[in-house]
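Just so you know, these numbers come straight off a predicted model, no measurement behind them. The first residue in the sequence is number 1, and the count goes up from there. All values below were derived from every heavy atom in this structure, side-chain atoms included, with hydrogens, water molecules and symmetry-related copies excluded.
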Amino acid sequence: AAEELGALRERMRRLGPVNHMALEEYEEKKTRYDFMSSQRDDLLAAKDILTTTIHEINKKASVMFMDTFSEVQKNFQKTFQVLFQGGECSLTLVGDDALEADIDVVARPRGKRPQGISQLSSGERALTAIALLFAIYLVKPSPFCILDEVDAPLDDANIDRFVAMIKEF
């Protein structure tokens with residue numbers, strides 16, 4: 001027994017001094033841990049709510065964008081045909097997500113083969129841009145619009161059609 005008592009005393013000596021405040025410190029740490037855990041849970045719940053809200057907004061915005069895009073596309077074809085006195089044009093989305101997709105503009109003035117905007121003359125590009133601008137204004141009107149030097153690359157016949165469209169608006 002004396003040998004066992006000596007071994008136990010040696011073990012206690014190696015443990016070092018006893019912290020009599022350990023129970024109080026544990027309670028403080030536990031309270032802090034519980035507070036932080038509840039804060040973390042609140043943040044995770046808020047993140048889930050925000051993620052859901054973002055998905056709902058994106059879904060609704062995508063539907064609204066596609067509706068507006070269809071209207072602009074129809075109006076673009078009409079205004080393009082008025083300004084070019086015929087021809088064909090199209091707007092297409094390039095990509096899977098409507099909100100992130102690029103918009104490809106193809107214009108084919110009367111008597112030309114389909115081509116992108118960059119392959120048109122400066123006057124044809126200007127008329128195509130004007131047609132697109134007016135197509136957008138037919139869907140979402142603006143109280144005013146400044147068209148500074150938009151007619152610069154246009155010849156006289158195209159200026160007359162442009163002025164006629166402005167008068168119509």
(request) Decide salt bridge (Lys or Arg N to Asp or Glu O under 4.0 Å) for Glu71 and Lys74; before the verdict, give the C-alpha distance in whole Å, the side-chain angles of both, and the deciding distance to 0.1 Å. (result) CA-CA 5 Å; Glu71 290 180 51; Lys74 289 174 193 171; over 6 Å; no
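- Distance OG/Ser62 to NE2/His55: 13.5 Å, rounded to 0.5 Å.
- Both Leu147 and Met165 belong to a single network of hydrophobic side chains, linked directly or stepwise wherever heavy atoms of I, L, V, M, F, W or Y lie under 4.5 Å apart.
- Taking CD1 from Ile166 and CD1 from Ile159, the interatomic distance works out to 11.0 Å, rounded to the nearest 0.5 Å.
- Side-chain atoms of Ile136 and Phe76, non-hydrogen and from C-beta on, never get closer than 4.5 Å to each other.
- The shortest distance between side-chain heavy atoms of Thr53 and Ile49 falls below 4.5 Å.
- In this structure, the side chain of Arg161 engages the main chain of Leu83 through a donor-acceptor pair within 3.5 Å.
- Counting non-hydrogen atoms of other residues, nucleotides and ligands closer than 6.0 Å to CD of Glu10 gives a total above 12.
- Side-chain contact check for Phe134 versus Phe162: some heavy-atom pair is nearer than 4.5 Å.
- Glu88 pairs with exactly one of Arg110, Arg108, Lys78 by the salt bridge (Lys or Arg N to Asp or Glu O under 4.0 Å) rule, that one being Arg108.
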(request) Applying side-chain contact (heavy atoms from CB on, under 4.5 Å), run through Leu138 and Thr79 and close with a yes or a no. (result) CA-CA 10 Å; Leu138 284 170; Thr79 56; 4.0 Å; yes
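- Around CD of Gln39, the count of heavy atoms belonging to other residues, nucleotides or ligands within 6.0 Å exceeds 12.
- No side-chain heavy atom of Leu132 sits less than 4.5 Å from a side-chain heavy atom of Phe80.
- Between Tyr137 and Phe169, the distance separating the two ring centers is not shorter than 6.0 angstrom.
- Just one of Ile103, Asp104, Leu99 meets the side-chain contact (heavy atoms from CB on, under 4.5 Å) condition when paired with Leu93; it is Ile103.
- Between Met66 and Ala98, the shortest heavy-atom distance links the atoms SD-CB, 3.7 Å.
- Within the 4.5 Å cutoff, no side-chain heavy atoms of Leu8 are placed close to those of Met12.
- Here the CG atom belonging to Leu23 is positioned 10.0 Å from the CE atom belonging to Met21, to the nearest 0.5 angstrom.
- Enclosure of atom CD in Glu100 is not indicated, since only 12 or fewer non-hydrogen atoms of other residues, nucleotides or ligands lie within 6.0 angstrom.
- Note that OG of Ser142 is 12.0 Å distant from NZ of Lys140, once rounded to the nearest 0.5 Å.
- Between Leu154 and Ala126, the shortest heavy-atom contact is CD2-CB, 4.0 Å.
- Residues Asp151 and Asn158 form no side-chain contact, since every pair of their non-hydrogen atoms from C-beta on lies 4.5 Å or further apart.
- Other residues, nucleotides and ligands contribute at most 12 non-hydrogen atoms within 6.0 Å of the CG atom of Asp96.
- Comment: Glu56 does not engage Lys59 in a salt bridge, judged by the lack of any side-chain N to carboxylate O separation of less than 4.0 angstrom.
- Tyr26 has its side chain out of reach of Lys29: every pair of non-hydrogen atoms, C-beta onward, lies at least 4.5 Å apart.
- The shortest distance between side-chain heavy atoms of Cys145 and Leu133 falls below 4.5 Å.
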